[in-house]
Amino acid sequence: MTGVPTDSPALACHGLVKRYPDIVAVAGLDLEVRRGECFGLLGPNGAGKTTTIEILEGLLDQDAGEVQVLGKQWRTDRDELRRRLGVQLQETQLAEKLTVEETLRLFRSFFTEGPTVDELLDVVELGTKRGSWVGKLSGGQKQRLAVACALAGRPDLLFLDEPTTGLDPQSRRQLWEVLGRFRAAGGTILLTTHYMDEAHALCDRVGIMDKGTLIALGTPRELVASIGAEHVVEFAVEGAPPADETLRALPGVRDVRHADGHVALATSELHATIPALLDRLRQDHATLSLLGTHSATLEDVFVSLTGRHLRDD
């Protein structure tokens, strides 16, 4: 891989703005991605993630702000940058009547340097599908082939837009392993994902976007810790739940949220919150219709910040 100067970020944008007639998609975004890290960009549909990535990839021009990619700028270094980037779109359309090997030979021909077709097949574990038509591959195999195409020029920087959407758990894990090998070779990754376990597993740092701006930034552990609660208790009752003020007074409760007829309590003392909640509901003669717990996640961070879920439109 072509080296990125150690004293400069792999990606940087400052004051980035992109306007459309009816909306400001990106509103003064400041963002840096460090050399060699996997950075996750999270947010609901319409948050501005895809627009931001398309600007960083050189597919869109910004209306304001500065962008640097690998220390270069698209307006002056477009040809060099295209040789040093790999891009995997959310829905990559490949010719279905070409074989896997033919597809990789085609993409490999676009670059003067890079891995051989055999090496690419090994990286994404598609050697047994070498002669198969692309149209006959499973969803997971097509995604791995798309990543192989993105790796054909041995890029320094890899863009991944929802790389595992719609894949089964085994296919997702296989793709994670491919990305791990790319990282081990010194590559940098910028990805978007709706899967919180994926962000936890792959990302060194995460930025959460909403309405075109960055509203939180840090490691997954730092962001989860920022809400001051390690657990979430979800419950529903027949009829009206206790008042929020009553729920906030329960031991350990840091926040109370409502969604889809459920109540979510962010708590730092799960062992104390649940008995106290059950006592409160008994006093109110309320009948539980749902009760569950989970460890706090990046989804809870986003809900805490915005009152909405990452999958909300």
Side-chain angles (χ1 to χ4, degrees), residues 1-2 38 40-41 45 49-51 53-54 56-60 78-79 81-195 197-199 201-203 311:
M1 293 185 181
T2 304
C38 180
L41 199 57
N45 294 332
K49 305 186 306 298
T50 297
T51 299
I53 285 184
E54 288 180 347
L56 296 175
E57 291 170 341
L59 300 177
L60 283 178
R78 184 170 296 270
D79 290 342
L81 284 175
R82 294 216 180 280
R83 291 194 298 269
R84 298 176 64 186
L85 302 184
V87 177
Q88 183 262 331
L89 303 175
Q90 187 174 148
E91 295 183 6
T92 302
Q93 298 297 319
L94 300 172
E96 296 201 343
K97 292 300 177 67
L98 288 181
T99 67
V100 169
E101 180 176 1
E102 289 168 340
T103 301
L104 291 177
R105 289 195 183 283
L106 173 64
F107 275 81
R108 181 62 190 83
S109 71
F110 300 154
F111 303 94
T112 57
E113 297 181 0
T116 66
V117 170
D118 287 342
E119 289 171 336
L120 288 170
L121 288 169
D122 287 343
V123 166
V124 297
E125 299 179 351
L126 285 177
T128 60
K129 296 294 181 179
R130 175 191 293 267
S132 299
W133 283 357
V134 171
K136 298 294 185 181
L137 299 179
S138 69
Q141 290 165 346
K142 286 181 179 178
Q143 287 289 68
R144 280 186 279 150
L145 177 59
V147 171
C149 293
L151 297 175
R154 194 173 281 118
D156 294 303
L157 174 60
L158 188 59
F159 290 94
L160 304 171
D161 193 5
E162 302 286 348
T164 62
T165 295
L167 301 189
D168 60 80
Q170 181 180 358
S171 296
R172 290 178 65 210
R173 292 284 180 177
Q174 289 173 330
L175 192 51
W176 290 2
E177 291 173 2
V178 171
L179 301 181
R181 290 191 287 271
F182 175 76
R183 288 282 311 285
T188 302
I189 298 174
L190 174 62
L191 68 84
T192 69
T193 180
H194 273 127
Y195 296 113
D197 61 332
E198 186 160 273
L202 297 180
C203 297
R311 289 185 178 274

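These numbers were taken from a predicted model, which means no experiment stands behind them.
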Completion exercise
In this structure, CG of L120 is separated from CZ of R144 (nearest 0.5 Å) by 13.5 Å
Practice task
Would you indicate whether the side-chain heavy atoms of E125 and E177 approach each other to under 4.5 Å?
Solution key: yes
Practice task
Check whether any side-chain heavy atom of V100 sits under 4.5 Å from a side-chain heavy atom of L145, and report yes or no.
Solution key: yes
Exercise for the section: In sequence, state the C-alpha distance, the side-chain angles, and the governing distance for T192 and T50, and then conclude on side-chain contact (heavy atoms from CB on, under 4.5 Å). Expected result: CA-CA 8 Å; T192 69; T50 297; 5.7 Å; no
Problem - Under 3.5 Å donor-acceptor, Q143 side chain and P163 backbone - result: yes
Practice task
Answer yes or no: is there a side-chain heavy-atom contact under 4.5 Å between L121 and L104?
Solution key: yes
Exercise for the section: Quickly, which of V123, V124, T128 forms a side-chain contact (heavy atoms from CB on, under 4.5 Å) with L126? Name it, please. Expected result: V124
Problem - From CG (D168) to CZ (R173), nearest 0.5 Å - result: 12.0 Å
Exercise for the section: Would you give the length of the straight line joining atom CG of L191 to atom CG of L179, rounded to the nearest 0.5 angstrom? Expected result: 7.5 Å
Exercise for the section: Compare all side-chain heavy atoms of F110 with those of R82 and state whether any distance is below 4.5 angstrom. Expected result: no
Practice task
Measure the CZ-CD1 distance between R183 and I189 for me, rounded to the nearest 0.5 Å.
Solution key: 6.0 Å
Problem - Within-4.5 Å side-chain heavy-atom neighbours: V134 and K97 - result: no
Problem - Non-hydrogen side-chain atoms of C149 and T103 separated by less than 4.5 Å - result: yes
Fill in the blank from the handout: In terms of heavy-atom contacts, P115 and A152 come closest through CD-O, 3.5 Å
Problem - CD on E54 to CG on L60, rounded to 0.5 Å - result: 5.0 Å
Handout entry: Residue pair L137 / S132, side-chain heavy-atom distance below 4.5 Å
Key = yes
Handout entry: Residues W133 and E96: side-chain donor-acceptor under 3.5 angstrom
Key = no
Exercise for the section: Kindly check if the number of other-residue, nucleotide or ligand heavy atoms within 6.0 Å of CZ (R130) is above 12? Expected result: yes
Exercise for the section: Evaluate the criterion side-chain contact (heavy atoms from CB on, under 4.5 Å) for residue pair R108 and E119; output intermediate values, then yes/no. Expected result: CA-CA 11 Å; R108 181 62 190 83; E119 289 171 336; over 6 Å; no
Problem - Backbone of P155 reached by a side-chain donor or acceptor of R84 within 3.5 Å - result: no
Problem - Note, V87 side chain near L89 side chain (heavy atom, < 4.5 Å) - result: yes
Practice task
Evaluate the criterion salt bridge (charged side-chain N to carboxylate O under 4.0 Å, His left out) for residue pair R105 and E101; output intermediate values, then yes/no.
Solution key: CA-CA 6 Å; R105 289 195 183 283; E101 180 176 1; 2.9 Å; yes
Problem - Separation between NZ of K129 and OG of S138, rounded to the nearest 0.5 Å - result: 7.5 Å
Practice task
Apply the test side-chain contact (heavy atoms from CB on, under 4.5 Å) to residues Q88 and F159: give CA-CA distance (whole Å), side-chain angles for both, the deciding distance (0.1 Å), then the verdict.
Solution key: CA-CA 6 Å; Q88 183 262 331; F159 290 94; over 6 Å; no
Practice task
Give the C-alpha distance, both sets of side-chain angles, the deciding distance and a yes or no for salt bridge (charged side-chain N to carboxylate O under 4.0 Å, His left out) between K49 and D161.
Solution key: CA-CA 9 Å; K49 305 186 306 298; D161 193 5; over 6 Å; no
Handout entry: Geometric cation-pi criterion, R83 with F111: 6.0 Å, 45°
Key = no
Problem - Working for side-chain contact (heavy atoms from CB on, under 4.5 Å), residues L190 and L160 - result: CA-CA 6 Å; L190 174 62; L160 304 171; over 6 Å; no
Fill in the blank from the handout: Those residues at least two apart in sequence (or on a different chain) that pass salt bridge (Lys or Arg N to Asp or Glu O under 4.0 Å) with D122 are none
Exercise for the section: Answer yes or no: is there a donor N or O on one side and an acceptor on the other, between the side chain of T193 and the main chain of E162, under 3.5 Å? Expected result: no
Handout entry: Donor-acceptor pair, side chain of E102 and main chain of T99, under 3.5 angstrom
Key = yes
